[in-house]
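Chain A is the first sequence line, chain B the second, and so forth, proteins listed ahead of strands; every chain is numbered from 1.
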Amino acid sequence: MALDKATVARIASLARIKVTEEEQTRLAGELSQILTWIEQLDEVETSGVEPMTSVAHMKMPMREDVVSDGNIRDKLLANAPQQARGFFAVPKVVE
Amino acid sequence: MSELTELGLAEARDGLRAKKFSAREMTQAHIVSVAAARSLNAYLCETPEQALAMAAESDARLARGEARPLEGLPLAIKDLFCTENVPTTAGSRILEGFKPPYESTVTANLWRDGAVMLGKTNLDEFAMGSSNITSAYGQVENPWRRRGDNRPLVPGGSSGGSAAAVAARTALAATGTDTGGSIRQPASFCGIVGLKPTYGRCSRWGIVAFASSLDQAGPMTRSVRDAAVMLKSMSGHDPKDSTSAPVPVPDFEAALTGDIRGLKVGIPREYRIDGMPAEIEALWQRGIGWLKSAGAVPVEVSLKMTKYALPAYYIIAPAEASSNLARYDGVRFGLRVQGDSLDAMYEATRAQGFGAEVRRRILIGTYVLSAGYYDAYYLKAQRVRTLIARDFDEAFKSCDVLLTPTAPSAAFAIGEKSDDPIAMYLNDVFTVTVNLAGLPGISVPAGLSSDGLPLGLQVIGRAFDEETVLRAGEVIERAAQFTAKPQFIAGSA
């Protein structure tokens, strides 16, 4: 499948990665090449085959719904690029 | 070079217990080696002070006769494992300066058993690559060179720093992670042993996630015995990883009996791919001969879906990566690049923080998961994955292990293959099926190419049967008598 520039721009926006006009052209070529190669999967007959989501043959383990961790605010904030009064700080979202 | 850095993990363990040398001497010799090998760029961070402090504790334990399983043994850690208060970058700019407030389960298990940390090793960015050239901190050089050719070679990837570190004798062993071949392929390229355990054998908790249904940690060592020793300490059920298997950890070292009489060894006919060098085919035949001489019985098996494993992988792995890497948003840790709005901040941070290959895979992953394409790509790949796993189930009805080459080539020069992503992806053609099916696989150095580079053979086993994989691997190791050493050995120049 050939991807066009507009599709690349749309995916990049979904993935929250800034892509310049120039890069859109290059990426459209690269991604199209990869997708075309991937499409050999269409040769495989898969009707009635269950999709595999995990190789671990086990049920999701459950635990008691209790607090098992906490009171480590400063540890968690230590790597934040910006913090304010004990919170992560981000650019203004609401006017 | 010191005699101490030439020892294997198991030999060093026995020497420490017999008081032939101290943990401090062992650690000091390796600290010197790590510094002497800086030209390889195998380490992103060296932790000599921490290593000496850990060695001091080991010497105290050894003196009291309370040695733990890995007491005083210096290891290198792939920089994908979170290590408390020690920088962890995943080879990416986006995690530059990140100091985890916690320790991964696998590394915590190693320290619990007395191992000593030398430092963190370089890797392809977020473990995405087969050559180490995608690291944001510069490529790693393979300590091996082609005969009569001084061009630097890639160590393979993504655990290329770990493989180079172990091959160059800067660490007794190292941790790696393997999502599509990232332990086994660099082990093959650097002439060492690399074991990818069964999915669920080692906890993924605290390992920077790439593709969660495929990622698995494992040991990288200079012998099969060392891999067995190290795997025992790395393994075990961990409630913090919901896919960690609640199964007992066997004594893997005890499995190395050398007795493989009657073992059925499957030879998958689809692994004879076009364009594979004749010397790799010849090595494979030699491997079959070695196992046969030891009493094993080769049987031809079919893994029909082999051809489709890489295309399926290049849907599933990027899809999971695009979801896992959503966390790098410039808010809680890592790089932030300012923008006028929250979205502009995200977009600028992720554009600058991620390298070209990581961006490419996130975009592919986002595309195959997006509305309208999910069924055609992602569900299709998951269905093909079911068929790949079925192939193995079927093959294991008539055999106990499989024998294959590890990679379709020896190490290549830095710069070769890098302009074509698909040519690079083909490095993992023999290893990726094992991840998709969640099985254990080991690469054992088995010979040299015509230009003097190491080549590995791979043994694949049933889920949670690392013992048979190790036993067969050790028989190959003994028969191959691989004693060649890389041109670069730390401190021997």
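The CG atom of D329(B) sits 9.5 Å away from the CZ atom of F88(A) when rounded to the nearest 0.5 Å. Interatomic distance, CG of L27(A) versus CG of L363(B), reported as 6.0 Å (0.5 Å rounding). Annotation: the span from K18(A) atom NZ to R359(B) atom CZ amounts to 12.5 Å, rounded to 0.5 Å. To the nearest 0.5 angstrom, I34(A) atom CD1 is 13.0 Å from Y367(B) atom OH.
Judged as a side chain to side chain donor-acceptor pair (under 3.5 Å), the pairs with a partner in residues 60-86 of chain A (not counting sequence neighbours) are, in order, Q82(A)-R336(B).
Your options are D343(B), L436(B), I362(B), and the one with the most heavy-atom pairs under 4.5 Å with chain A is D343(B). Heavy-atom pairs under 4.5 Å with chain A peak, among Y378(B), Y102(B), Y314(B), at Y314(B). Among L342(B), L379(B), D340(B), T349(B), the residue making the largest number of heavy-atom pairs under 4.5 Å with chain A is L342(B). Contact tally against chain A (heavy-atom pairs below 4.5 Å) for K380(B), Q352(B), Q338(B): the top residue is K380(B). Of the residues considered (G97(B), G200(B), S242(B), G438(B)), S242(B) shows the highest number of contacts with chain A, using heavy-atom pairs under 4.5 Å.
Neither the backbone nor the side chain of S212(B) comes within less than 4.5 Å of any heavy atom in chain A. With a threshold of 4.5 angstrom between heavy atoms, T366(B) approaches chain A through its backbone and through its side chain. At a 4.5 Å heavy-atom cutoff, the contact between V90(A) and chain B is made by backbone and side-chain atoms alike. At a 4.5 Å heavy-atom cutoff, the contact between P246(B) and chain A is made by side-chain atoms alone. Neither the backbone nor the side chain of L325(B) comes within less than 4.5 Å of any heavy atom of chain A. Interface residue A437(B): only backbone heavy atoms are found under 4.5 Å from chain A. Looking at Y425(B), only its side chain comes within 4.5 Å of chain A, counting heavy atoms on both sides. With a 4.5 Å cut-off on non-hydrogen atoms, E84(B) touches chain A through its side chain but not through its backbone.
Between P81(A) and G330(B), the shortest heavy-atom contact is CG-O, 3.4 Å.
Close approach to chain A, defined as a heavy atom under 4.5 Å from one of its heavy atoms, is seen in L387(B), A389(B), R390(B) of residues 387-396 of chain B, taken by number. Of all residues spanning residues 4-17 of chain A, those with a heavy atom less than 4.5 Å away from chain B's heavy atoms are T7(A), R10(A), I11(A), A12(A), S13(A), L14(A), A15(A), R16(A), I17(A), arranged by number. Proximity to chain B among residues 40-54 of chain A is limited to Q40(A), L41(A), D42(A), E43(A), V44(A), E45(A), T46(A), V49(A), E50(A), P51(A), M52(A), T53(A), judged by heavy-atom separations below 4.5 angstrom.
Residues T198(B) and V55(A) are not in side-chain contact: their nearest non-hydrogen atoms beyond the backbone lie 4.5 Å or more apart.
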